[in-house]
2 protein chains.
Amino acid sequence: MKSEKISELTTNRLSIYLRCLNELAAEGSKTVSSDNLAKRFHLNSAQIRKDLACFGEFGVRGVGYYVEDLRQQLTKILGLDHHHRVGIIGAGRLGTALTDYYGFRQTNFEVAALFDADREKIGTVVSDVKIYDVRDFAKIADRQGIDVAVIAVPAEYAQRVLEMIVASGIKAVMNFAPTPLLADEEIKLKTIDLTISLESLSYFLAGSGKNGKE
Amino acid sequence: MKSEKISELTTNRLSIYLRCLNELAAEGSKTVSSDNLAKRFHLNSAQIRKDLACFGEFGVRGVGYYVEDLRQQLTKILGLDHHHRVGIIGAGRLGTALTDYYGFRQTNFEVAALFDADREKIGTVVSDVKIYDVRDFAKIADRQGIDVAVIAVPAEYAQRVLEMIVASGIKAVMNFAPTPLLADEEIKLKTIDLTISLESLSYFLAGSGKNGKE
DNA sequence: ATGCATTCGTGACGTTTTTCACAAATTGGT
DNA sequence: ACCAATTTGTGAAAAACGTCACGAATGCAT
Ligand SMILES: NC(=O)c1ccc[n+]([C@@H]2O[C@H](COP(=O)([O-])OP(=O)(O)OC[C@H]3O[C@@H](n4cnc5c(N)ncnc54)[C@H](O)[C@@H]3O)[C@@H](O)[C@H]2O)c1
Ligand SMILES: NC(=O)c1ccc[n+]([C@@H]2O[C@H](COP(=O)([O-])OP(=O)(O)OC[C@H]3O[C@@H](n4cnc5c(N)ncnc54)[C@H](O)[C@@H]3O)[C@@H](O)[C@H]2O)c1
């Protein structure tokens with residue numbers, strides 16, 4: 001058990017392990033070995049053991065890991081035993097698609113409110129969630145107990161929106177605008193940049209043409 | 001100039017550099033130094049020079065890089081001078097949100113067709129794009145010249161859909177289903193897993209509570 | 001022309017991440 | 001009670017990645 005800084009690569013893998021354990025639990029498995037887990041995806045068993053070792057000794061030598069026990073441990077470590085309330089800023093196509101995305105509920109996140117600057121949208125309801133005026137963000141966020149913000153506005157407004165979010169005291173932000181944002185150390189900002197992923201595919205296609213077989 | 005394998009981290013950064021160069025070009029800058037570029041985001045100037053050096057010597061000592069020249073070089077390296085046709089499998093909330101996402105057109109990608117298994121949806125049109133029966137995928141993909149596929153179906157169908165895509169000869173796939181997929185070496189598969197990012201925020205919030213200031 | 005201020009390209013170095021390999025712990029069969 | 005078969009936890013080695021620092025090339029001022 002190391003209590004140094006845990007890398008994000010490690011915690012991302014914990015999510016994958018947990019998902020797999022949930023499946024195993026549903027299938028009725030009682031125990032699972034790191035080797036067995038590793039084969040399910042494209043991973044090395046030592047890595048799994050090391051990742052888990054960061055948080056304690058959960059395994060039993062000669063046996064493996066108890067599925068239900070490890071599942072609960074990881075759920076707790078990832079904070080998925082707590083409820084979170086999400087505010088989405090930008091009630092456009094992406095914002096509304098996310099609003100009733102089942103993945104949120106599955107992981108104990110609940111979309112509590114949408115925010116937009118468009119007068120036509122303010123006051124309307126999408127998937128049972130009300131759209132508020134973005135200028136009231138701090139007030140509503142506080143009243144609704146929002147602790148996670150999602151940025152789904154056009155890139156040119158993203159930095160300003162982020163600053164508004166930070167000013168309201170929220171510490172966890174997910175950004176979908178394709179632009180790198182500057183944030184304080186104490187904030188957790190996760191940017192999902194679709195453009196980069198797309199261009200990565202484009203790069204691959206451009207290169208594979210050069211010496212590709214077909 | 002190294003012609004070894006280029007890491008994905010490097011190509012991802014190329015996307016970021018290109019985006020910045022596009023802005024600089026729009027502002028009318030003629031040249032830019034690696035130091036100057038580095039300051040715009042959170043990067044080291046040596047890294048930028050090294051990334052670029054993988055593909056050639058684009059800079060001029062004492063001057064920096066010519067914005068327009070480098071912009072064109074990167075556009076070509078990333079394959080963004082070619083047009084790509086995208087097929088989206090799963091015409092649900094995410095699939096339709098993506099359909100008229102401007103980011104696609106901006107990067108020379110065009111959504112050519114949607115595919116679904118739902119009889120009610122097949123035959124209808126979303127943002128000028130027709131929804132086809134997923135069983136006709138290979139035929140339509142071929143006829144429409146689709147070279148990039150996007151998986152936007154529920155996780156439990158994703159692997160089967162991927163196999164169908166691969167069987168049709170398409171080499172570049174973007175997956176939004178929150179599940180790790182198994183694919184051949186020769187395919188470029190990029191998974192955007194929102195759940196992992198969400199859980200990463202959850203982990204942060206769980207940990208910051210332990211010794212947080214407020 | 002010469003010197004000086006820049007800035008690239010890159011080898012060397014340091015850090016992080018992954019993989020290897022093996023002692024230590026546990027189970028089950030005899 | 002002991003041995004063989006597992007499988008963990010972890011130090012050590014390897015690989016990948018990032019940063020530093022400096023020689024070499026260029027432009028500009030004098
Ligand atoms: N549509 C997609 O599939 C998709 C995918 C990935 C990323 N994105 C990114 O997500 C962001 C939103 O995309 P979209 O397609 O939903 O755009 P959209 O135009 O459909 O929606 C943007 C919404 O933001 C609102 N808005 C603008 N400025 C605002 C402000 N300052 N405060 C609050 N609301 C404001 C607008 O009124 C609009 O309702 C963009 O940055 C886009 O690049 C979109
Ligand atoms: N909604 C979001 O904001 C969001 C965000 C990130 C990831 N995702 C993921 O994207 C996927 C789709 O999410 P969604 O919210 O759009 O779901 P959805 O239920 O709105 O849409 C899914 C669509 O896929 C179709 N479908 C099902 N099986 C199919 C098959 N075999 N072939 C073709 N089409 C089929 C369904 O008919 C439906 O139209 C899911 O895996 C989800 O986890 C969704």
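By convention in this document, chain letters (A, B, ...) are assigned in the order of the sequence lines, proteins followed by strands, and residues within each chain are numbered from 1. Just so it is clear, the structure is predicted and the values come from calculations on it, not from any experiment. Values reported hereafter were calculated over all heavy atoms of this structure, with side chains retained and with hydrogens, waters and symmetry mates removed.
Rounded to an integer number of Å, the gap from CG of A:L70 to P of D:dT7 is 16 Å. Atoms OH (A:Y65) and C1' (C:dA25) sit 13 Å apart, rounded to a whole Å. Across the protein-nucleic acid pair, B:D35 atom CG and D:dC20 atom C1' stand 13 Å apart, rounded to whole Å. At whole-Å resolution of the value, CZ in A:F58 and C1' in D:dT7 are 17 Å apart. One can place CG of A:N44 at 12 Å from C1' of C:dT17, the figure rounded to the nearest angstrom. Here the C1' atom of nucleotide D:dT10 and the CG atom of A:D51 are 13 Å apart, to the nearest Å. Atom CD in B:E57 sits about 14 Å away from atom C1' in D:dG23, given to the nearest Å. The nearest whole Å value for the distance from the CG atom in A:N36 to the C1' atom in D:dT6 is 13 Å.
Side-chain proximity of A:L9 to C:dT18, D:dG9, D:dG18: nearest is C:dT18. Comparing D:dT7, C:dT26, D:dA24 against the side chain of B:R61 picks out D:dA24 as the nearest.
There is a side-chain donor-acceptor pair under 3.5 Å between B:Q144 and B:Y132. Between the side chains of A:Q159 and A:T179, no donor N or O sits under 3.5 Å from an acceptor N or O. B:E110 and B:H84 are not linked by any side-chain donor-acceptor pair at a separation below 3.5 angstrom, with hydrogens and angles left out of the test.
For a distance-only test at 3.5 Å, the side chain of A:K50 fails to qualify as a donor-acceptor partner of the base of D:dT10. Applying the 3.5 Å distance criterion, the base of C:dT16 shares no donor-acceptor pair with the side chain of A:K5.
At the heavy-atom level, B:T10 lies nowhere under 4.0 Å from the strands shown. Using a 4.0 Å heavy-atom cutoff across all strands shown, A:S45 reaches no nucleic acid atom at all.
Note on A:R49: a side-chain N or O is less than 4.0 Å away from OP1 or OP2 of D:dT8. The phosphate of C:dT18 has OP1 or OP2 within less than 4.0 Å of a side-chain N or O from A:R13. The phosphate of C:dT7 (OP1 or OP2) has no side-chain N or O of B:S34 nearer than 4.0 angstrom.
Checking B:G62 against B:L43, the closest nucleotide of DNA chain D that is more toward the 5' end is the one next to B:L43.
Using the six-membered ring where Trp is involved, B:F109 and B:F104 have ring planes that are tilted, between 30° and 60° apart.
Contacts classified as side-chain hydrogen bond (donor to acceptor under 3.5 Å, both in side chains) and involving residues 25-34 of chain B (residues at least two apart or in different chains) are given here: B:S34-B:R49.
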